[in-house]
Asker: 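The structure is given below, and queries will be raised subsequently.
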Amino acid sequence: MNMAMFGNCGSTPILSMLQFPPLALDVIPEIEQVVAEMKRVTRPGGVVASAVTQFFGGMPAFDLVINTGAVLETDFARLRSMRAGRQLFWPDGQATLWRKIGLVDVTEIPIVVDCEYASFADYWATFTAGPGSTTSTLMALSDDARGSIEQHVRAGYLVGLPDGPRSFPMMFRIVRGLVPA
């Protein structure tokens with residue numbers, strides 16, 4: 001998979017926040033406590049920032065697998081419900097938390113990243129190796145169940161066209177706020 005940024009991040013109110021890696025807030029259970037600690041250790045006037053994947057509707061490459069799996073397997077239905085229910089990762093979710101914690105001049109913007117795949121095999125490999133809840137859910141299934149999901153996802157990937165390159169956008173929600181002076 002090749003990921004290429006679209007747009008000029010330097011001209012946004014977020015400035016150049018993508019010069020550092022995004023936080024893994026989506027895997028931390030105590031998100032509010034972590035953001036409060038980020039504020040506590042940042043000097044007055046300093047920036048507290050984060051970037052997370054927009055789980056609900058912002059990951060069509062993953063949604064194809066998860067939604068297909070949810071129709072066929074209860075474990076995927078649970079995964080889909082968990083991801084959709086995490087409203088902190090919906091539009092304005094982080095900004096709402098930043099304001100609740102007491103940060104000011106809060107801005108949240110979407111950034112779109114293009115995920116390019118050379119073929120269905122390249123795309124499918126994203127979900128059969130490596131870390132992540134989608135991979136672990138898929139790989140825990142029986143070979144038959146996984147094969148059924150793969151067959152349906154392949155049909156969705158191909159959309160009646162020959163196998164080959166495809167591009168899926170991925171949405172990140174980037175937020176920044178200032179510690180009051």
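Residues: numbered from 1 along the sequence shown.
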Asker: When you measure from the side chain of D163 to the backbone of S119, do you find a donor-acceptor pair of N or O atoms at a distance under 3.5 Å?
Answerer: no
Asker: Would you call the rings of W90 and F56 parallel, tilted or perpendicular, taking 30° and 60° as the class edges?
Answerer: parallel
Asker: Quick one: list whatever passes salt bridge (charged side-chain N to carboxylate O under 4.0 Å, His left out) with R99, sequence neighbours left out.
Answerer: D92
Asker: What's the spacing between R154 CZ and I149 CD1 if we round to 0.5 Å?
Answerer: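 The CZ atom of R154 sits 14.0 Å away from the CD1 atom of I149.
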Asker: Please find the pair of heavy atoms, one from A95 and one from E108, that lie closest to each other, and give the distance.
Answerer: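 Closest approach of A95 to E108, heavy atoms only: N-OE1, 2.8 Å.
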Asker: Under the 6.0 Å and 45° cation-pi test, does R166 pair with Y157?
Answerer: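 Here R166 passes the 6.0 Å and 45° test against Y157.
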Asker: What is the minimum heavy-atom distance between M139 and R146, and which atoms define it?
Answerer: O-NH1, 3.4 Å
Asker: Where do L88 and L97 land on the side-chain contact (heavy atoms from CB on, under 4.5 Å) test, with the steps shown first?
Answerer: CA-CA 8 Å; L88 177 63; L97 175 59; 3.9 Å; yes
Asker: Rounded to the nearest 0.5 Å, what separation is found between the CD atom of Q87 and the OG1 atom of T96?
Answerer: 10.0 Å
Asker: Taking S136 for the side chain and S133 for the main chain, is one N or O donor matched with an acceptor at less than 3.5 Å?
Answerer: yes
Asker: Quick check: do W98 and R176 have side-chain heavy atoms less than 4.5 Å from each other?
Answerer: no
Asker: Does any non-hydrogen side-chain atom of V153 lie less than 4.5 Å from one of E150?
Answerer: no
Asker: In the structure I gave you, are the side-chain heavy atoms of I31 and R86 within less than 4.5 Å of one another anywhere?
Answerer: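 Yes, at least one pair of side-chain atoms sits under 4.5 Å.
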Asker: Using ring pair (Phe, Tyr, Trp, His ring centres under 6.0 Å), reason through F62 and F127 one step at a time and then give a plain yes or no.
Answerer: CA-CA 8 Å; F62 284 74; F127 307 103; 5.0 Å; yes
Asker: According to ring-ring contact (aromatic ring centres under 6.0 Å, His included), who are the partners of F168, at least two apart in sequence or on a separate chain?
Answerer: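 Once residues adjacent in sequence are excluded, the partners of F168 under the ring-ring contact (aromatic ring centres under 6.0 Å, His included) criterion are Y117, Y123.
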Asker: So, taking the atom named OG1 in T107 and the one named CG in L178, what distance separates them when rounded to the nearest 0.5 Å?
Answerer: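 Going from OG1 on T107 over to CG on L178, the span is 8.0 Å.
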Asker: What is the minimum heavy-atom distance between P169 and P60, and which atoms define it?
Answerer: O-CD, 3.0 Å
Asker: Using a distance-only test with no angle check, is there a side-chain donor-acceptor pair under 3.5 angstrom linking R173 and Q94?
Answerer: no
Asker: Indicate yes or no: at least one non-hydrogen side-chain atom of M171 is less than 4.5 angstrom from one of T53.
Answerer: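 No, every pair of side-chain atoms sits at 4.5 Å or beyond.
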Asker: For the atom pair OG1 (T134) and CZ (R80), what is the distance rounded to the nearest 0.5 Å?
Answerer: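 Spacing of OG1 (T134) from CZ (R80) equals 12.5 Å.
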Asker: Are the side chain of K39 and the backbone of I101 linked by a donor-acceptor contact shorter than 3.5 Å?
Answerer: yes
Asker: Grab the two heavy atoms, one from K100 and one from E32, that are nearest each other, plus how far apart they are.
Answerer: NZ-OE1, 3.1 Å
Asker: Out of curiosity, T74 OG1 to L79 CG, how far, rounded to the nearest 0.5 Å?
Answerer: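 One finds 11.5 Å between OG1 of T74 and CG of L79.
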Asker: Does T128 reach the side chain of T135, with side-chain heavy atoms less than 4.5 Å apart?
Answerer: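 No; the side chains remain at least 4.5 Å from each other.
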Asker: So which atom in V104 and which in P180 form the shortest heavy-atom distance, rounded to 0.1 Å?
Answerer: CG1-CG, 4.1 Å
Asker: Output the distance between atom CZ (F172) and atom CD1 (I111), rounded to the nearest 0.5 Å.
Answerer: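 Between F172 CZ and I111 CD1, I get 10.0 Å after rounding to 0.5 Å.
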Asker: Which atoms form the tightest heavy-atom contact between E73 and A145, and what is the distance?
Answerer: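 Of all heavy-atom pairs spanning E73 and A145, the closest is OE2-CB, 3.3 Å.
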Asker: Are any of the side-chain heavy atoms of L141 and F76 separated by less than 4.5 Å?
Answerer: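 Yes, side chains in contact.
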